[in-house]
There are 2 protein chains.
Amino acid sequence: MSFDASEVSAALAARGLRLTRQRRAVLDAIAAAPCSQSPLQVYDAAREQCPELGLTTVYRTLEVLDEIGALRRVHGDGHCESFVPAGAEHGHTVVCSGCGRVTEFTACDMRGITDAAALETGYRITDHFLQLTGLCAGCGTRDDQPRRDR
Amino acid sequence: MSFDASEVSAALAARGLRLTRQRRAVLDAIAAAPCSQSPLQVYDAAREQCPELGLTTVYRTLEVLDEIGALRRVHGDGHCESFVPAGAEHGHTVVCSGCGRVTEFTACDMRGITDAAALETGYRITDHFLQLTGLCAGCGTRDDQPRRDR
DNA sequence: CTCCTTACTGAAAAGGGTTTTCACTTTCAG
DNA sequence: CTGAAAGTGAAAACCCTTTTCAGTAAGGAG
Ligand SMILES: [Mn+2]
Ligand SMILES: [Mn+2]
Ligand SMILES: [Zn+2]
Ligand SMILES: [Zn+2]
């Protein structure tokens, strides 16, 4: 499932759910942001397109989108309540420590690492969560590092 | 900084902080658990050793331990508020999906993956967060998978 | 040992994000 | 149309976390 109006719509329909005006506003708000957003930030952004939207609906929509796999949760310092569209079926996230921009990448050959971890711990590894931090093209070339706080 | 009474004590002293009876109870509770624990779980466990302990002190102690690098935060489904002792300076965590047991591993050659991600995204990668899921030795051999909910 | 400063503590209150409730509206199949 | 089910926003309830505050423990100086 990737983050795309028609795909999301289909995934919703398959569960007997509907793509309402409010849900579309939430979807658009998430798609438009270069950074991950908290529920409140999504709410603020989506209200520009649908002013009568309620915060409750944002929470409900985020939950639905998460269930159908259209969202990726970004792991931050001590909290995981900010979201980004899931572009690919299996992808991971890079967060820019300069500007907060979030980009997805799909290259992930974990073979070597999971084998080593299995050997070291005795676990049979079945899944992985990986998130990278770095500097985006824009921030990496500047000498000053604009530093953002989340 | 690794999770060890004398090391923690030294790290605290270096900041003019003290290793009180309450903090020791919290420390012991965290060290003893095979799984990651929420602040409330730490509180309950630590009170067996120090019944007059307050929840507030648990939060304050977790914060201090986190600052000196004695804790690892475990990333769960939608929240990151459960803790595990940090055994090594740089280590990662494997969580058993059967019983919840958490084990640390240190093998992590990310070179290949970060290079691929850099190429794909244009970011200069500076750090990584990795957490594996799997079945521990005890759960992996059983046919039934006891399933725990967090 | 006594005095004094600073760290530390728990209870209670405040805070703030999330979920639940509820009356009402929208959508859609028959 | 009509009935059933999904969806909605405001308000209330919830629950986890932080702050406040008055008091307690600890450690250095003398
Ligand atoms: Mn992967
Ligand atoms: Mn590593
Ligand atoms: Zn997380
Ligand atoms: Zn950037």
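Fair warning: this is a prediction, and the values are worked out from it, not measured in the lab. The sequence lines fix the lettering, A, B, ..., with proteins before strands; numbering per chain opens at 1.
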Whole angstrom value for the distance that separates [atom2] of [N] from [atom1] of [X]:
X       : N      : atom1 : atom2 : value
A:His79 : C:dG16 : NE2   : P     : 16 Å
A:Leu62 : C:dG17 : CG    : C1'   : 13 Å
A:Leu55 : C:dT20 : CG    : P     : 15 Å
B:Asp66 : D:dT18 : CG    : P     : 11 Å
A:Leu53 : D:dT8  : CG    : P     : 9 Å
B:Arg47 : C:dT9  : CZ    : P     : 15 Å
A:Gln37 : C:dG17 : CD    : P     : 16 Å
B:Gln41 : D:dC16 : CD    : P     : 11 Å

What about the rings of B:His128 and B:His90, do their centers lie closer together than 6.0 Å?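 Between B:His128 and B:His90, the centre distance is under 6.0 Å.
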
Mind running a 4.0 Å heavy-atom check of residues 5-17 of chain A against DNA chain C and sending the residues that fall below it, in number order?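 Per residue number, the list is empty: none.
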
Are A:Leu132 and A:Met110 connected in the hydrophobic side-chain network, where two residues link if heavy atoms are under 4.5 Å apart?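 In one cluster with A:Leu132: A:Met110, yes.
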
Shared hydrophobic cluster, B:Val95 / A:Leu119 (ILVMFWY, side-chain heavy atoms < 4.5 Å): no

In terms of heavy-atom contacts, does CZ of A:Arg24 have more than 12 from other residues, nucleotides or ligands at under 6.0 Å?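 Check fails, neighbour count at 12 or below.
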
Of A:Arg60 and B:Gln22, the one whose closest DNA chain C nucleotide lies more 5': B:Gln22

Do the ring planes of B:His92 and B:Phe105 sit parallel (below 30°), tilted (30 to 60°) or perpendicular (above 60°)? tilted

What I'd like to find out is whether the side chain of A:Ser97 reaches to under 4.5 Å of the side chain of A:Leu135, using heavy atoms alone.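 Result yes, sub-4.5 Å side-chain heavy-atom pair found.
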
Under the salt bridge (Lys or Arg N to Asp or Glu O under 4.0 Å) rule, collect the residues that match up with A:Asp109, sequence neighbours excluded.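 If we apply the salt bridge (Lys or Arg N to Asp or Glu O under 4.0 Å) test to A:Asp109, skipping adjacent residues, the hits are A:Arg111.
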
Between the side chains of B:Glu67 and B:Arg15, is the shortest nitrogen-to-carboxylate-oxygen separation below 4.0 Å, so that they form an ion pair?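 B:Glu67 and B:Arg15: salt-bridged.
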
Quick one: CZ on A:Arg72 to CG on A:Asp66, what's the gap to the nearest 0.5 Å?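 It is 11.0 Å, given to the nearest 0.5 Å.
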
Under-3.5 Å N/O pairs linking protein and nucleotides 27-30 of chain C:
from	atom 1	to	atom 2	distance (Å)
C:dT27	O2	A:Arg18	NH2	3.4

At under 4.0 Å, does any side-chain N or O of A:Arg23 touch on OP1 or OP2 of D:dG7?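 Yes, such a contact exists.
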
So which one's nearest nucleotide on DNA chain D is more toward 5', B:Leu40 or B:Arg21? B:Leu40

